[in-house]
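What follows is a single structure, written as structure tokens, with notes after it.
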2 protein chains.
Amino acid sequence: MKKLINKNENIIEEMVDGFIEAYGDHYKKLDEDFKGVVLKEKKDKVAVVVGGGTGHEPLFIGFVGEGLADGAAIGNVFAAPTPGTVLNVTRAVDSGKGVLYIYGNYSGDILNFDMAAELAEMEDLNTETVLVRDDVASAPIERIEDRRGISGDVFVIKVAGAAADLGLSLEEVTKAAQKASDQTRSIGVALSSGTIPGLEKPTFSLPEDEIEFGMGIHGEPGIQRTNMMTADELTDKMLETLLADFNLNEGDEVCMLVNGLGSTSLLELMIVNRRASQVLKEKGISIYHTDVNSYCTSQEMAGVSISLMRLDDELKTFYNHPAHSPYYTKK
Amino acid sequence: MKKLINKNENIIEEMVDGFIEAYGDHYKKLDEDFKGVVLKEKKDKVAVVVGGGTGHEPLFIGFVGEGLADGAAIGNVFAAPTPGTVLNVTRAVDSGKGVLYIYGNYSGDILNFDMAAELAEMEDLNTETVLVRDDVASAPIERIEDRRGISGDVFVIKVAGAAADLGLSLEEVTKAAQKASDQTRSIGVALSSGTIPGLEKPTFSLPEDEIEFGMGIHGEPGIQRTNMMTADELTDKMLETLLADFNLNEGDEVCMLVNGLGSTSLLELMIVNRRASQVLKEKGISIYHTDVNSYCTSQEMAGVSISLMRLDDELKTFYNHPAHSPYYTKK
């Protein structure tokens with residue numbers, strides 16, 4: 001697989017440099033740590049810090065913005081940020097009102113963010129944590145605490161960013177983000193693998209006529225290897241799985257993200273959205289807002305995930321709050 | 001190549017339906033023609049209509065928006081919209097102040113947009129046309145009128161949309177768009193092919209260690225098949241070609257788009273942007289604004305194009321004007 005990189009060991013630094021070259025009016029990397037990207041101007045509010053491995057762009061650095069996160073701590077490709085990077089970002093964004101960490105439920109991330117939180121505490125910096133556990137395929141509902149975070153990250157960051165922007169306390173922002181996380185479920189399907197830059201070979205391989213239902217964004221095994229099907233058949237199966245897990249009822253309101261995993265075209269994502277919208281409407285579930293985009297990717301993996309967040313009035317207020325980054329805008 | 005579609009013959013209609021399901025608060029498809037997508041509310045100003053084949057999403061429908069185009073006329077995958085569709089869109093968006101067509105310089109598009117313009121004239125609808133011819137690889141400078149349009153479309157649409165939004169006349173909007181087109185040059189490189197939905201095979205094939213320099217967004221032959229190189233080497237070669245063609249001088253100001261062709265990750269595009277920014281700065285060319293995104297794609301083609309628009313005060317005013325669609329925001 002051909003990748004537009006230079007030396008393997010420099011890809012993260014060069015990516016961040018490229019991001020800052022493009023968007024440096026609003027962002028900076030930390031002097032002491034290029035794996036920390038923050039808003040140029042510190043705001044007098046609770047700060048939101050997101051993070052995880054590189055390779056899922058625009059997540060995570062592309063979700064630092066107005067009404068979104070204040071900073072991102074990133075690691076190597078598909079690897080957690082170090083505690084040092086998380087701590088550096090925490091120091092850079094804290095205005096004295098505390099910092100909320102939001103990241104996917106992966107053991108490496110938990111270990112390192114938790115260690116950063118302990119180190120931060122020693123410096124009298126208050127932190128809280130909300131884990132994203134939206135991937136219904138990653139563990140059965142009895143072990144919901146084991147579920148991984150995938151594209152549902154977007155909704156949790158959106159809600160937390162709005163709550164912080166509206167001047168809420170750390171406790172309140174945490175509560176809002178936790179609610180968003182609890183109310184968000186996703187399911188993903190891989191059609192083909194991506195490749196980690198610098199590695200010759202794809203992360204996994206799938207025969208031309210097969211797909212992996214429930215595969216994770218780092219190539220974690222899904223729940224079923226199955227034949228390729230039409231867009232409508234696949235969408236039906238995805239929503240069936242989501243709805244069986246997520247006790248959505250007639251009259252419920254959701255927002256939906258139809259998320260491409262990398263190389264799946266918008267044309268295809270739109271076709272999936274058409275069917276997903278039909279199915280939800282047939283079930284009497286009201287779609288408050290939809291986004292069709294590739295926000296949480298796995299390099300050039302082909303495939304799609306669908307995320308739903310069940311809304312109440314509070315989440316709706318946060319969801320509606322304006323937000324802007326180079327890769328995500330809510331007007 | 002696995003594609004998330006249903007029946008081949010329905011992909012355009014289903015894509016448009018999916019787009020309207022997602023963004024129907026602001027957009028509608030025409031009752032009489034699903035290949036026409038327009039803003040829901042007609043505005044009392046010159047209208048801008050863009051178009052071309054499907055398969056390059058988010059171009060073209062994703063560039064209908066506030067301060068952008070008022071409507072898009074699309075064809076089948078990689079095929080021009082019919083004169084009927086262009087005419088339908090023209091009727092739908094015209095407020096009496098005239099309509100500017102902007103599209104890439106391809107013979108099928110010219111034939112059909114021109115025919116639509118003639119039909120429109122018979123209905124007393126005024127139209128003007130600006131062709132986008134930014135691809136420096138598609139013909140030598142002596143035959144600049146033969147050059148194809150690629151990602152430079154974005155700048156021309158941005159400028160025209162702003163000029164129209166600011167209340168300028170059809171003549172003035174056309175002049176602004178023509179200036180943007182004249183001041184925009186691009187160069188693209190393909191690393192691997194995309195696949196037209198419904199076709200089993202990629203449009204072309206490239207050995208694992210080769211790339212095609214100057215390849216077009218429908219797989220048109222480039223100017224050189226060459227070995228794969230590092231991101232910096234490739235970026236240097238791209239800018240060398242661009243700058244040799246485009247008489248940019250020290251002190252000139254440009255805006256830059258580093259555009260992914262489909263499956264090239266943002267990580268890679270950022271690395272390309274880092275180098276492109278370095279090179280321009282070294283030459284004393286000032287970068288007014290940069291965007292790194294996949295706006296003009298060719299399904300899951302891997303590769304990148306770089307577009308530069310040379311700015312003057314007038315173009316800068318238009319470039320700075322706010323714009324918004326689900327896929328493009330300028331604040």
Side-chain angles (χ1 to χ4, degrees), chain A residues 1-7 11 14-19 21-23 54-55 57-58 62 77 191-192 194 197 208-209 211 228 230-232 234 256 258 262-278 287 290-294 297 299-300 302 304 324 326-327 329 331, chain B residues 1-7 11 14-19 21-23 54-55 57-58 62 77 191-192 194 197 208-209 211 228 230-232 234 256 258 262-278 287 290-294 297 299-300 302 304 324 326-327 329 331:
Chain A
M1 183 64 206
K2 286 166 265 192
K3 288 271 180 181
L4 289 171
I5 61 169
N6 297 300
K7 287 190 183 160
I11 58 172
E14 292 183 355
M15 176 191 76
V16 171
D17 284 347
F19 181 79
E21 286 289 354
Y23 304 113
T54 298
E57 289 68 34
V77 178
L191 275 61
S192 73
E208 185 49 41
D209 57 347
I211 60 179
M228 183 58 186
T230 67
D232 283 4
L234 184 63
M256 173 157 62
V258 176
S263 64
T264 292
S265 65
L266 260 179
L267 180 154
E268 295 163 89
L269 299 178
M270 292 294 177
I271 292 175
V272 169
N273 180 55
R274 168 187 162 275
R275 182 62 180 174
S277 302
Q278 282 176 351
I287 306 169
T290 301
D291 223 341
V292 183
N293 216 317
S294 296
T297 66
Q299 290 296 298
E300 75 283 7
V304 59
H324 181 66
Y327 298 100
T329 297
K331 278 194 84 171
Chain B
M1 184 64 208
K2 287 166 263 191
K3 289 271 179 181
L4 289 171
I5 61 171
N6 296 300
K7 287 190 183 160
I11 58 172
E14 292 183 356
M15 176 190 76
V16 171
D17 284 347
F19 181 79
E21 286 290 354
Y23 304 114
T54 299
E57 288 68 35
V77 178
L191 276 61
S192 73
E208 183 50 37
D209 56 348
I211 61 179
M228 182 59 185
T230 68
D232 284 3
L234 184 63
M256 174 157 63
V258 176
S263 64
T264 292
S265 66
L266 259 179
L267 181 154
E268 294 163 89
L269 299 178
M270 292 294 177
I271 291 175
V272 169
N273 180 54
R274 168 187 163 275
R275 182 62 181 174
S277 302
Q278 281 175 352
I287 306 169
T290 302
D291 223 341
V292 183
N293 216 317
S294 297
T297 66
Q299 291 295 299
E300 75 282 8
V304 59
H324 180 66
Y327 298 100
T329 297
K331 278 194 83 168

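No hydrogens, no waters, no symmetry mates; every other heavy atom, side chains included, goes into these values. Chain A is the first sequence line, chain B the second, and so forth, proteins listed ahead of strands; every chain is numbered from 1.
- In this structure, CG on Leu269(B) lies 10.5 Å from CD on Glu57(A), to the nearest 0.5 angstrom.
- Here CD of Glu208(A) is found 7.5 Å from CE of Met1(B). Values are rounded to the nearest 0.5 Å.
- Both the backbone and the side chain of Ile5(B) come within less than 4.5 Å of a heavy atom in chain A.
- Looking only at heavy-atom pairs under 4.5 Å with chain B, the residue among Ile287(A), Leu266(A), Val304(A) that has the most is Leu266(A).
- Across Ser263(B) and Glu300(A), no two heavy atoms sit closer than the pair O-CB, 3.3 Å.
- Taking CG of Asp232(A) as the start and NZ of Lys7(B) as the end, the distance is 10.5 Å to the nearest 0.5 Å.
- There is a side-chain donor-acceptor pair under 3.5 Å between Asp291(B) and Tyr23(A).
- Contact tally against chain B (heavy-atom pairs below 4.5 Å) for Lys331(A), His324(A), Lys2(A): the top residue is Lys2(A).
- Contact tally against chain A (heavy-atom pairs below 4.5 Å) for Thr329(B), Asn273(B), Leu234(B), Ile271(B): the top residue is Ile271(B).
- Taking all atoms of both residues into account, the shortest heavy-atom contact from Gln299(B) to Ser265(A) is OE1-OG, 3.2 Å.
- With a 4.5 Å cut-off on non-hydrogen atoms, Thr297(B) does not touch chain A at all.
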Evaluate salt bridge (Lys or Arg N to Asp or Glu O under 4.0 Å) for Glu268(A) paired with Lys3(B), printing each intermediate quantity in order.
CA-CA 7 Å; Glu268(A) 295 163 89; Lys3(B) 289 271 179 181; 3.8 Å; yes
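- With rounding to the nearest 0.5 Å, the separation of CD in Glu21(B) from CZ in Arg275(A) is 11.5 Å.
- The candidate from Met15(B), Met256(B), Glu14(B), Gln278(B) with the greatest count of non-hydrogen atom pairs under 4.5 Å with chain A is Glu14(B).
- Taking Val77(B), Val292(B), Ile211(B) one by one and counting their heavy-atom pairs under 4.5 Å with chain A, the maximum is reached by Val292(B).
- For chain A, the nearby parts of Ile11(B) are the backbone and the side chain; heavy atoms of each come within less than 4.5 Å.
- Comparing Thr54(B), Val272(B), Asn293(B), Val16(B) by heavy-atom pairs within less than 4.5 Å of chain A, the highest count is held by Asn293(B).
- Comparing Leu267(A), Thr230(A), Val258(A) by heavy-atom pairs within less than 4.5 Å of chain B, the highest count is held by Leu267(A).
- Residue contact with chain B, scored on non-hydrogen atoms closer than 4.5 Å, involves the backbone and the side chain of Pro58(A) alike.
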